[in-house]
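On a predicted model such as this, the values are computed, not experimentally measured, just so you know.
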Amino acid sequence: MKSFVASPANIKKKWYLVDAQGKTLGRLASELASRIRGKHKPEYTPFLDTGDYFIVINANKINVTGKKSSQKIYYRHTGTAGGLKQTVFNKMLAKDPAYIITKAVKGMLPRGPLGRKMLKKLHVYADGSHKHMAQRPEAIEL
């Protein structure tokens with residue numbers, strides 16, 4: 001019995017459109033991360049990029065459960081001494097809603113060059129418009 005190992009030549013990638021309106025952040029991010037890796041395909045190979053491209057629209061209408069909207073904190077560091085900056089979820093949602101979904105998915109992808117390559121297949125937009133109509137994305141419900 002031989003194991004199937006996909007090669008870059010026989011990997012077919014499609015474009016999908018996902019509407020984030022009314023979706024829960026963690027549930028959406030985990031499904032996106034799994035599909036960006038290609039785990040939903042029978043030809044999934046852990047060390048290859050077998051996943052699809054995803055366009056997420058309406059990122060500014062994402063939901064979180066419980067008190068996360070006022071208690072979840074995003075950290076960043078300026079690089080100088082004492083330069084730790086914090087932003088609460090509500091302010092980040094108003095400032096950069098695409099960052100919220102991108103950061104959640106990035107945390108669920110593998111670390112290293114393969115994970116960075118996979119993250120480039122995620123395109124997040126705050127409102128309902130996007131610039132990928134030429135790829136003819138197929139709308140799916142996650």
Validation row: His123, Tyr125 side chains within 4.5 angstrom (heavy atoms): yes
Side chain to side chain, Lys85 and His77, heavy atoms closer than 4.5 Å: no
Carboxylate-amine/guanidinium proximity below 4.0 Å for Asp19 and Lys61: no
ring-ring contact (aromatic ring centres under 6.0 Å, His included) partners for Tyr53, two or more places apart: Trp15
Taking every non-hydrogen atom, the tightest pair across Ala104 and Ala29: CB-CB, 3.7 Å
Transitive ILVMFWY side-chain link Ile36 to Leu119, under 4.5 Å: yes
Basic-acidic side-chain contact under 4.0 Å: Glu31, Lys39: no
Interatomic spacing from CD in Gln21 to CG in Asn63 - rounded to 0.5 Å: 9.0 Å
Heavy-atom side-chain contact between Arg35 and Leu142 under 4.5 Å: yes
Nearest-0.5 Å distance, CG of residue Leu17 to CD of residue Glu138: 10.0 Å
ring-ring contact (aromatic ring centres under 6.0 Å, His included) evaluation trace for His132 with Phe54: CA-CA 10 Å; His132 302 282; Phe54 284 88; over 10 Å; no
Donor-acceptor contact present, side-chain Ser70 to main-chain Lys68, <3.5 Å: no
Exercise: do Lys72 and Ser69 side chains pair donor with acceptor under 3.5 Å: no
Hydrophobic cluster identity match, Tyr99 and Met108, side-chain contacts under 4.5 Å: no
Closest approach of Ile11 to Ala6 (non-hydrogen atoms, all atoms of both residues): CG1-CB, 4.3 Å
Close side-chain approach of Tyr16 and Ile55, heavy atoms under 4.5 Å: no
Min side-chain heavy-atom separation Thr24-Val64 under 4.5 Å: no
Val88 vs Met92 side-chain heavy atoms within contact, under 4.5 Å: no
Heavy-atom side-chain contact between Ser34 and His40 under 4.5 Å: no
Atom pair CG/CD1 of Leu32 and Ile101 - distance to nearest 0.5 Å: 7.5 Å
Minimum heavy-atom distance Ile57-Gly128, with the two atoms named: CD1-O, 4.0 Å
Non-hydrogen atoms of Pro97 and Leu93 that approach each other most closely: CD-O, 3.4 Å
Atom pair CE (Met118) and NZ (Lys106), whose distance is rounded to the nearest 0.5 Å: 14.5 Å
Cluster overlap Ile140 with Val105, hydrophobic side-chain contacts below 4.5 Å: yes
Nearest heavy atoms of Thr102 and Leu122, plus distance in Å: CA-CD2, 4.2 Å
Member of Lys14, Arg37, Lys41 meeting the side-chain hydrogen bond (donor to acceptor under 3.5 Å, both in side chains) criterion with Asp52: Lys41
For Lys13, salt bridge (charged side-chain N to carboxylate O under 4.0 Å, His left out) partners two or more places apart: Asp49
Side-chain heavy-atom pair Ile73, Thr87 within 4.5 angstrom cut-off: no
Residue pair Leu109 / Ala33: nearest heavy atoms and the distance that separates them: CD2-O, 3.8 Å
